[in-house]
Structure formats: C-alpha cells, structure tokens
Amino acid sequence: MSETVPGVRVPQRPSVDGLEAKWDRRWQEQGTYRFDRTKSRQEIYAIDTPPPTVSGSLHLGTVFGYVQFDSVARFWRMRGKEVFFPVGWDDNGLPTVRRVQDHYGVRCDPTLPYQPDARIELEPGAERPMSRGNFIELCHELTARDEQVFEQVFRDVGLSVSWDLTYTTIGDRSRRISQRAFLHNLARGEAYLSEAPTMWDVDMQTAVAQAEMEDRLTAGAYHRLRFHRRDGGDIEVDTTRPELLAACVAVVVHPEDPRYGDAVGSEVTTPLFGVAVPVLAHPLADPDKGTGAAMICTFGDTTDVVWWRELNLPSRSIVRRDGRLQTERPDWLTTEAAARAWEAVAGRTTKAAQTETASLLAESGELVGEPRRIEHEVRYYERGEHPLEIVASRQWYIRNGARDEDRRQALLGAGRTLSWHPDFMRVRYEHWVDGLNGDWLVSRQQVFGVPFPVWFPLDEEGNVIHARPIPADESSLPIDPQSAVPPGYDQAQRGRPGGFVGDPDVMDTWATSSLTPQIAGSWEDDPDLFGRIFPMDLRPQGPEIIRTWLFATVLRSQLEHASLPWSNVSINGWILDPDRKKMSKSKGNVITPESLVGQHGADGLRYWACRAAPGTDTAADPAQMRVGRRLAIKVLNASKFVLSMAEGGGEVTEPLDRAMLTRLGGVVAGATEAFERYQYHQALDRAEGFFWSFCDDYLELVKSRAYGTSDAGGPTRSARQALSLALSIQLRLFAPFLPFVTEEVWSWWRNGSIHRARWPEPNELAGVDRGDPAALEAVAEVLGVVRRTKTSEKRSLRCPVERLEVIGDAGRLASVALGRDDLVEAGNLRELVLTPGPEPATLVRLGED
RNA sequence: GGGCGCUUAGCUCAGUUUGGUUAGAGCAGCUGGCUUACAACCAGCAGGUCGGGGGUUCGAGUCCCUCAGCGCCCACCA
C-alpha cells in the first residue's frame with residue numbers, strides 16, 4: 001500500500017485476482033445485502049427470484065439470467081430501495097427423484113418397510129429397491145449437498161441475494177404454504193376432484209398437465225382398415241393406432257361429406273373384432289384427412305376425448321397405466337374370432353400390439369395396402385420417453401379460466417397490466433391463456449412432492465367416498481395424510497370400513513412454485529413481512545416457463561389475493577454455443593460457470609451476461625468475458641492513477657474539466673433512464689463508452705496539469721477535483737455490473753460498501769458550472785490528429801511536435817483554445833498556432849526525438 | 001396451420017420504442033510504440049449496398065407491405 005493523498009490507500013500493483021473470495025466474505029460479514037424488514041412497502045424493491053432446479057451442476061444459462069437481474073437489483077439498491085432478494089432452491093418433484101435414482105442407483109418401492117439406519121453405497125446404474133421413507137431421506141440428503149454447491153456459485157458470481165431469505169420448494173414452509181393455498185382453493189371451489197380422461201405418462205405412471213407436454217416428431221404409419229357395412233360394403237378408415245381397434249366405439253365423418261351421407265346413423269362392424277359401432281357425424285371430422293372417416297377409440301388422442309364427450313359414447317378402455325394392453329379379454333369382445341385376435345395382443349406393449357394387429361389385419365384381408373410410414377407430431381411428457389396415453393383417472397384440478405370465460409378474460413387482463421421486458425414476451429402468455437383447453441391438473445401419482453392435505457372417508461363396505469374429502473386443519477400444516485390422522489378419527493381407523501384413507505397423491509411442482517412470492521414472503525406465517533413485500537416488483541425468469549411458472553403464479557395470485565403477484569416481468573434469453581446452437585449436455589458443449597469465473601473473473605463473466613439485451617439469445621462467448629476482465633483491470637489501473645493525485649475540496653474551474661463532467665452528467669441520466677426501463681445493457685454500454693473516452697482522451701489531456709509538478713494552483717486543483725468526481729461517479733455506474741472491482745477501488749478511498757452508496761444523480765454536479773462538451777471533443781480530435789501523425793510516421797508518441805497549426809472557423813479555434821495548455825502538454829507540442837480559415841485542417845510538423 | 005423474434009464489419013453484438021450529421025463497440029486482422037495508471041498495455045489503420053424486393057418521406061438500419069433464411073412458441077397431429 002502507498003499513501004499518496006491522505007486517506008487514500010492504493011496498492012502498488014492492483015489485481016483482479018482473488019477479489020471474489022475477498023469481497024464475498026466481507027459482504028457476508030458486513031451484511032451488505034441483508035434485507036432490512038423494518039422498511040415500508042414504498043421503500044422496498046421485491047424480487048421473486050427463480051429457484052433453480054437443484055442438480056449436480058449449475059447451468060451457465062442460469063447464471064446468465066441471474067447476473068442480469070442482479071444488476072437490476074443492485075441498481076435499485078443504490079437508488080435507495082431496500083431490496084428484498086430471496087434465494088430459493090427447487091428440490092421438489094421429479095428432477096430430484098431422477099437425480100437420486102441415478103446418483104445412488106436406487107429406486108423407490110413403496111411396499112418396502114422403512115429401514116431406520118440404512119447406509120446407502122453409491123452404485124450408479126443399479127436399481128436397488130428401497131422404501132418410500134428411505135428414498136425421501138436420500139432426496140433431502142442429496143439436494144442439501146447440491147444446494148451448497150449452487151450457493152457457492154451464486155457467491156462466486158456476486159449475486160446480491162439475502163442469504164437469510166433462503167427457502168427450498170420441498171421445505172416445511174413451502175409444503176405448509178402449498179397446502180394452505182390448496183385448502184383455500186378447495187374451500188372456495190377453485191379446486192375440485194374429477195374422474196376424466198387424462199394425459200398419462202406410462203413410464204412415470206402419473207398424470208401430467210397440459211403445461212408439461214410437448215410435441216415431438218415421431219415415426220408412425222397410416223393403416224387403412226376396412227369397417228364392414230350391413231349392406232356388404234366397406235367404410236375405409238385411416239389410423240395411426242390400429243392397436244386401439246378393440247377400443248373403438250364409433251366411426252365419425254363430417255356431416256356434409258357426400259361420400260358418407262347415407263352411412264350416418266347406421267352401424268358398421270370393426271375389422272378383426274366384429275364389434276358393432278355407430279357411424280356418426282361431427283364437424284371436427286376432416287374430410288381431407290385420410291379417407292374422411294375416422295375411428296373413435298377410448299382413447300387414442302384428444303380429439304377422441306372430444307368426440308367421446310360430445311357424442312355421448314361409451315368408454316371401452318384397453319390400455320393399462322403401464323402402457324400395455326390389459327390381459328383379460330374385454331367383455332364387449334364376444335365372438336370367437338375376436339377372442340383369438342385379443343389373445344394375440346393381450347398384455348403387449350402398444351407398440352408390439354400395433355405390429356401384431358397389422359399382421360392380423362393383413363391376414364384377414366381387412367388391411368388395405370401396406371401401412372404408409374409417416375413422421376408426425378406426437379404428444380409427450382416433456383421429461384418422458386414414450387408418447388402419452390390417455391387414461392381415465394381421478395385427479396385434482398384447479399380452475400384456470402379454460403372453462404370459464406370471465407376468468408380467462410381476467411387472466412388476459414392481468415397479462416396486459418403487467419410490464420413485460422421485453423414487451424413482445426407478453427404475446428406468449430396471451431397465446432397460452434387463449435389456448436388453454438382444460439383446467440389445471442395438479443395431482444401427480446409420485447412419491448416425492450407436497451402431499452394433498454386431505455383424507456377421504458370410507459363407507460361401511462370400505463369404498464372411498466371421494467365426494468367428501470376431509471381437509472386438514474390449517475394449524476396442522478404441513479402434514480402427510482399417509483401418517484397424520486384427520487380430525488375426529490384415530491390411527492386405527494386408517495383403511496378400515498367406516499374409517500378413512502389419506503389422499504395418496506402429491507401436487508404438481510408448479511402448484512408449489514406458483515407460490516414463490518408467498519413462500520419467500522412467509523404468507524400468513526409472517527403477515528407483517530408479507531405486507532411489506534407483496535405484490536412484488538419483479539419476476540425475472542426464462543422464456544420456456546411462461547406457460548408454467550409465470551402463468552400459474554399469476555393464476556394463484558388472482559385466486560388468493562385478487563391481484564397481480566408483481567408489476568414487472570423480465571424474460572432472459574437462451575445461451576447458445578458459438579455455432580448458435582442451444583447448449584446442452586448431450587452435445588458436450590457445456591461450459592461450467594465455475595471454470596469461467598476462474599478464467600475470466602466474476603466481473604468478466606458478468607460483463608458478458610450484462611452486455612446481452614433482455615430476452616435475446618446470446619452466444620457463450622469467452623472473448624466477451626476476456627473483454628470484461630480487461631475492463632475490470634482498466635478500472636483498477638485508471639483508478640490507481642486518479643487516486644494517486646485526487647484530492648477533494650478543489651473547485652472545478654477549467655473548461656475541459658467542466659466539459660467532461662457535463663458529458664458525464666448526460667451519461668448518468670441516460671444510464672439511469674435505461675435501468676428504469678430494465679435495459680441494463682444500455683446502462684452498461686453508456687458507462688463503458690464514456691469510460692474509454694475518459695481514459696483515452698481526457699486522462700491523457702489533463703495528466704500533466706493534474707500532476708501539478710510546477711504548482712498546485714487552480715488549474716491543477718480543478719483537474720484533480722474533476723478526476724475525483726468523475727471516478728466516484730463512474731465507479732458507481734459500473735457497480736451493478738462489476739461489483740468486485742468497483743468495491744475494491746471504493747475501499748481504497750471511501751468508507752462503507754459502494755453497493756450501499758447512492759446511485760449517481762445529476763445534482764451531484766450541481767456545483768460545477770456547465771461546460772461545453774464540444775470543447776473537449778474538439779481538443780480530443782486535434783490530439784487524435786497528432787497521434788495519427790506520429791503513428792503513421794512510425795514515431796513514438798513521446799516524439800515532440802515542432803509546430804502544430806489548427807485552422808478553422810472561430811468556433812473551432814475557440815474550442816481548441818480552451819484546452820490549449822493541456823493539448824500542448826499531452827501532444828508534447830513546441831508551438832501551437834491557431835489560424836482562422838474556411839476549411840478546417842490540422843497541420844503537424846514533427847520534431848526530432 | 002397460426003404467432004413471436006432474429007437477419008447490421010470475417011466473428012460476437014449495440015443502435016429500431018420517438019425516422020435526422022460521414023451506421024457504433026469489442027474480438028480477430030494489419031501497422032507501429034516499453035508512454036512516470038495500465039505490455040494481460042497503448043496508439044493507429046483497414047473492414048459494412050444494415051437479409052432481398054417494393055413503398056411512405058425532403059430524408060429510412062429505424063415506419064409500412066412483401067419474400068427468403070434461421071430460431072422459438074402455440075395448435076383437436078384420425
């Protein structure tokens with residue numbers, strides 16, 4: 001350390017290395033980002049931080065988005081807001097189940113008894129069965145470890161979250177609040193139980209919601225089948241799912257299709273099975289698809305469900321929940337031929353049954369031509385491996401506007417009231433709400449999740465009375481109905497006639513995640529806190545979960561609070577590899593955040609992330625991170641230089657100094673306005689643009705004057721004061737983006753954290769007379785000509801200039817004259833002549849070294 | 001099938017909301033320079049018919065129409 005100016009301690013060789021660990025530790029010790037809950041709602045800026053899904057490693061894309069909204073958080077904190085910036089870990093649900101299965105090599109078998117002192121050795125790839133209790137213990141154990149790893153990354157990249165506001169989505173508080181919110185939904189009639197055809201994943205053996213489905217291009221084949229008319233003729237039907245033939249309940253045609261007009265109302269018999277089914281008309285039947293006649297099965301796709309419901313058809317289900325056809329022969333297959341055909345497919349997977357059915361049809365002559373191979377979009381669970389089947393099952397639903405136009409309009413109105421950044425992301429929300437085709441299916445047949453806090457009574461025969469769920473008492477939450485007993489019963493009555501059973505299902509993870517504002521703010525557990533942070537100011541998140549997390553959060557808030565959950569939504573973009581492909585583990589192009597922080601520093605990584613506009617897909621470009629690192633180093637060096645002579649108290653009198661500060665005032669206004677519009681990248685761009693010209697031009701021009709070798713008179717003090725002011729302001733402009741290096745420099749000469757310092761405001765420069773930025777530009781331009789001449793003459797920049805003649809109109813000459821002395825020093829001029837003339841020119845005659 | 005976004009220098013991107021000097025950065029390239037903040041640095045040079053076409057306008061990277069390519073979202077996909 002060297003003390004150049006009293007109170008300023010600048011290291012001899014400042015370095016960006018090691019700043020992450022140093023400042024993370026001090027920020028934690030000093031509680032720099034700790035939330036002060038005594039502030040009023042007006043003084044608070046509340047963020048609904050996305051809880052990342054815990055896994056073995058944090059994806060760079062996650063860090064990318066988090067750093068962006070961290071810069072916004074830092075801006076508002078410096079603006080004087082108390083920032084409520086919680087951090088959550090999403091350790092609920094299927095991703096955790098899969099991670100535990102893969103990591104340890106185990107699987108959950110609910111029939112096994114709990115082993116109190118089980119020791120689990122790692123054996124990836126194995127599938128050792130274990131009890132539900134042991135499995136859940138492992139889930140908690142592994143996620144706790146994963147969360148520590150994630151926390152370290154968040155600290156390394158300088159997220160200014162409050163670590164005392166941490167939650168997990170499977171923790172007690174999340175379970176309690178999920179269950180409480182559900183009980184409220186139930187009491188208000190917004191949640192209901194219904195037995196209906198539902199999309200079903202045969203691997204996970206659970207129902208899934210519309211929001212979790214995706215279409216995938218899948219190989220299939222059209223099979224043209226002959227259905228037989230009473231008059232001896234045939235109706236040909238194209239299907240991609242001949243294996244469902246036994247589940248056929250009708251044939252449907254368009255009401256105005258002339259080919260089938262006479263057949264409507266008649267009966268046909270199905271091929272192979274000889275089951276009589278009606279030919280019906282429905283406008284959804286498309287005359288241009290296939291033969292124009294379709295078979296309706298229960299259920300091959302969602303159109304079947306519509307037809308089944310609207311045409312009042314019987315239910316003939318043959319697909320089991322594990323994706324195989326049932327083994328027992330359905331009772332509507334009565335003929336001997338039907339029985340033989342059924343023998344061939346009973347118990348097979350749908351795929352095997354399809355092949356088998358096709359060959360039987362070919363044998364019987366009821367297959368027209370060969371199956372025609374096609375590729376078509378088929379619906380999958382987004383985390384699933386096989387196409388979804390549709391099975392009838394009893395599930396919990398929450399009303400979401402799909403079947404209630406008023407509610408749908410209210411949700412669309414909510415989307416319009418929200419401020420979206422960028423604005424066009426609003427369209428995705430509107431499309432989603434417009435396209436909802438059913439209420440939100442919230443129950444899952446899984447082991448790890450938040451249980452429904454209800455039981456069902458059993459009648460005297462031991463049948464479950466689903467119509468009369470027994471809700472838990474809210475004071476008892478969180479509860480597990482598998483172990484807890486409903487009010488008015490005792491444990492001995494579990495599963496007994498006249499007793500009760502616990503609801504075996506758990507909630508969709510989004511049923512919990514949709515309550516992150518309530519969880520983070522301890523809704524009803526801590527009404528004082530919740531009142532200070534809700535509704536929140538900002539929801540930052542990725543674009544792929546608008547239909548899930550964003551929509552569900554808006555919905556829950558509407559239902560529970562009749563308000564928006566937040567006023568702003570900021571959507572980040574994707575990370576692409578340099579070939580503009582989306583990064584993914586399978587492509588092997590994933591770079592870890594940890595390694596990037598090591599190579600380029602947290603500030604370098606943050607610079608790259610914050611250069612990207614909100615909602616814009618961005619390449620993971622190490623070159624940009626190197627630039628960020630260099631910017632951080634430049635900040636250190638320029639600060640060292642400025643602070644080697646900066647002293648407070650002087651008055652800024654010189655025109656060039658005033659011009660520089662006037663320009664900086666404009667930059668401050670622009671950066672502030674950009675941040676207020678959530679355009680953090682523009683704030684960075686403005687600060688960076690100014691900083692480089694500050695270093696290249698202004699610093700070079702005033703260097704000699706600021707040194708003040710001859711005297712410490714007015715001009716020298718003016719330069720020093722201007723440098724000091726400019727540095728202070730620029731450090732604060734950079735603080736949201738480069739929190740480590742700016743804090744380091746701040747600590748050399750100021751008390752307290754820069755991150756609690758006030759964001760620069762134009763009135764900080766109120767004591768400085770306005771200068772003319774054109775003066776600085778004119779002088780810098782002339783200096784540029786001098787440099788260019790020296791460079792093109794292959795001379796050192798130190799080389800003296802024998803004579804410099806500036807020709808131009810009165811305005812130009814006056815501008816140059818304002819910086820005359822600085823120009824002479826910076827350019828090493830021996831003579832400077834200002835000549836009036838119509839054509840501006842700058843003539844340089846170099847001297848000898 | 002519908003919708004949204006993108007297309008600007010060899011590369012990565014700003015700039016488009018509100019039309020206005022010769023369209024900006026950085027990286028890579030090239031030419032120089034150890035200059036008392038910085039050689040992990042500095043100075044300088046070169047590089048663009050702003051995807052194609054049409055229109056509005058005194059004036060278009062920016063507004064309108066259209067076409068193409070890429071990406072994404074949604075869709076009842078027999």
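Every chain is numbered from 1, with letters handed out A, B, ... down the list of sequences. Computed from a prediction, not measured in an experiment: that's the story for all the values here.
- Relative to the side chain of A/A619, the nucleotides B/A78, B/C4, B/C13 differ in distance, and B/C13 lies closest.
- B/G2 and B/U16 have their P atoms separated by 31 Å, with the value rounded to a whole Å.
- Donor-acceptor pairing under 3.5 Å is recorded for the side chains of A/Q682 and A/R677.
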Exercise for review: Go along nucleotides 15-21 of chain B 5' to 3' and tag each nucleotide: B for a protein heavy atom under 4.0 Å from its base, S when only backbone or sugar atoms are that close, - otherwise.
Suggested key: S------
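- Counting non-hydrogen atoms under 4.0 angstrom, A/D215 reaches a base of the nucleic acid.
- The nearest whole Å value for the distance from the CD atom in A/Q354 to the P atom in B/A78 is 12 Å.
- Base pairing analysis places B/U22 opposite nothing; no Watson-Crick or G-U wobble pair with both distances below 3.5 Å involves it.
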Enumerate the protein-to-nucleotides 25-35 of chain B contacts in which both atoms are nitrogen or oxygen and the separation is below 3.5 Å.
unit_1: B/U31; atom_1: O2'; unit_2: A/K794; atom_2: NZ; d: 3.0
unit_1: B/G32; atom_1: O5'; unit_2: A/K794; atom_2: NZ; d: 3.4
unit_1: B/U35; atom_1: OP1; unit_2: A/R798; atom_2: NH1; d: 3.4
unit_1: B/U35; atom_1: OP1; unit_2: A/R798; atom_2: NH2; d: 3.2

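- Taking 4.0 Å as the cut-off between side-chain N and carboxylate O, A/D772 and A/R663 do not count as a salt-bridged pair.
- Base pairing of B/C45 is made with B/G29, judged by Watson-Crick or G-U wobble geometry with both donor-acceptor distances under 3.5 Å.
- Using a 4.0 Å cut-off, no side-chain N or O of A/K634 falls inside it from OP1 or OP2 of B/C41.
- Counting non-hydrogen atoms under 4.0 angstrom, A/V427 reaches the backbone sugars and phosphates but no base.
- Under the 3.5 Å distance criterion, with hydrogens and angles disregarded, a donor-acceptor pair is assigned to the side chains of A/Y380 and A/T218.
- For the atom pair CG (A/L313) and OG1 (A/T298), the distance works out to 9.0 Å, reported to the nearest 0.5 Å.
- The two atoms that bring A/A613 and A/H681 nearest to each other are CB-NE2, 3.5 Å, heavy atoms only.
- With the nearest nucleotide of RNA chain B identified for both A/T302 and A/G615, A/G615 has the one nearer the 5' end.
- Rounding to the nearest 0.5 Å places CG of A/L723 at 8.5 Å from CZ of A/R705.
- The listed nucleotides are B/G3, B/A75, B/C72; the one nearest the side chain of A/H431 is B/G3.
- Annotation: B/C30 and B/G71 have their C1' atoms spaced 36 Å apart (nearest Å).
- Between A/R241 and B/A78 there is no side-chain N or O to OP1 or OP2 distance below 4.0 Å.
- For the C1' atom pair drawn from B/G51 and B/G61, the interatomic distance equals 12 Å after rounding to whole Å.
- Scored by the side-chain contact (heavy atoms from CB on, under 4.5 Å) test, A/R630 finds A/R626 as partners (sequence neighbours excluded).
- Atom pair A/R372:CZ and B/C77:C1' shows a separation of 15 Å (rounding to whole Å applied).
- Straight-line distance between the C1' atoms of B/C58 and B/G69: roughly 35 Å, to the nearest whole Å.
- Nucleotides B/A60 and B/G55 place their P atoms 12 Å apart, quoted to the nearest Å.
- Nucleic acid contact class of A/C297 (heavy atoms, under 4.0 Å, all strands): none.
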Filtered N/O pairs between nucleotides 64-66 of chain B and protein, under 3.5 Å:
none

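- Contact annotation for A/T616: backbone-only contact, meaning every heavy-atom pair under 4.0 Å involves sugar-phosphate atoms and none involves a base.
- Which of B/G5, B/C41, B/C73 sits closest to the side chain of A/F424 comes down to B/G5.
- At a threshold of 4.0 angstrom between heavy atoms, the contacts of A/D286 include nucleobase atoms, whether or not backbone atoms are also involved.
- Toward the 5′ end of RNA chain B lies the nearest nucleotide of A/M425, the other residue of the pair A/M425 and A/G435 mapping further downstream.
- Both distances falling under 3.5 Å, in either a Watson-Crick or a G-U wobble arrangement, place B/G5 opposite B/C70.
- Comparing the C1' positions of B/U57 and B/C70 gives a spacing of 32 Å, expressed to the nearest Å.
- For the atom pair OH of A/Y222 and CG of A/D238, the computed distance is 6.5 Å after rounding to the nearest 0.5 Å.
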Please tabulate, for side-chain N and O atoms in residues 278-295 of chain A, each donor-acceptor pair with protein atoms closer than 3.5 Å (sequence neighbours left out).
unit_1: A/H282; atom_1: ND1; unit_2: A/L284; atom_2: N; d: 3.0
unit_1: A/H282; atom_1: ND1; unit_2: A/W307; atom_2: NE1; d: 3.1
unit_1: A/H282; atom_1: NE2; unit_2: A/E310; atom_2: OE1; d: 2.8
unit_1: A/D286; atom_1: OD1; unit_2: A/D288; atom_2: N; d: 2.9
unit_1: A/T291; atom_1: OG1; unit_2: A/E236; atom_2: O; d: 2.5
unit_1: A/T291; atom_1: OG1; unit_2: A/A293; atom_2: N; d: 3.3
unit_1: A/T291; atom_1: OG1; unit_2: A/A293; atom_2: O; d: 3.4

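- With C1' as the reference atom, B/G53 and B/A68 are 11 Å apart, rounded to whole Å.
- Remark: A/T350 pairs with A/R241, A/E243, A/V319, A/L325, A/E389 by the side-chain contact (heavy atoms from CB on, under 4.5 Å) rule, at least two apart or across chains.
- In terms of heavy-atom proximity, A/F64 sits nearest to A/G573 at CE2-O, 3.8 Å.
- If you take atom C1' in B/G59 and the same atom in B/C41, they sit 44 Å apart, rounded to whole Å.
- Within the nucleic acid shown, A/E430 has no heavy atom closer than 4.0 Å to any nucleic acid atom.
- Of the candidates B/C4, B/A78, B/C38, the closest approach to any side-chain atom of A/D301 belongs to B/A78.
- Of all the heavy atoms in A/T618 and A/A612, the pair that sits closest is OG1-CB, 3.2 Å.
- Other residues, nucleotides and ligands place no more than 12 heavy atoms under 6.0 Å from the CD atom of A/E370.
- Proximity note for A/L284 (side chain, C-beta onward) versus B/A78, B/A43, B/C76: the nearest is B/C76.
- Across all strands shown, B/U17 forms no Watson-Crick or G-U wobble pair with both distances under 3.5 Å.
- For A/Y381 and A/W200, the distance between ring centers is not under 6.0 angstrom.
- Across B/A75, B/C74, B/C38, the shortest atom-to-atom separation from the side chain of A/N637 is found for B/C38.
- Among the atoms of the strands shown, base atoms are found under 4.0 Å from some heavy atom of A/R379.
- Which of B/G71, B/A78, B/C76 sits closest to the side chain of A/D617 comes down to B/G71.
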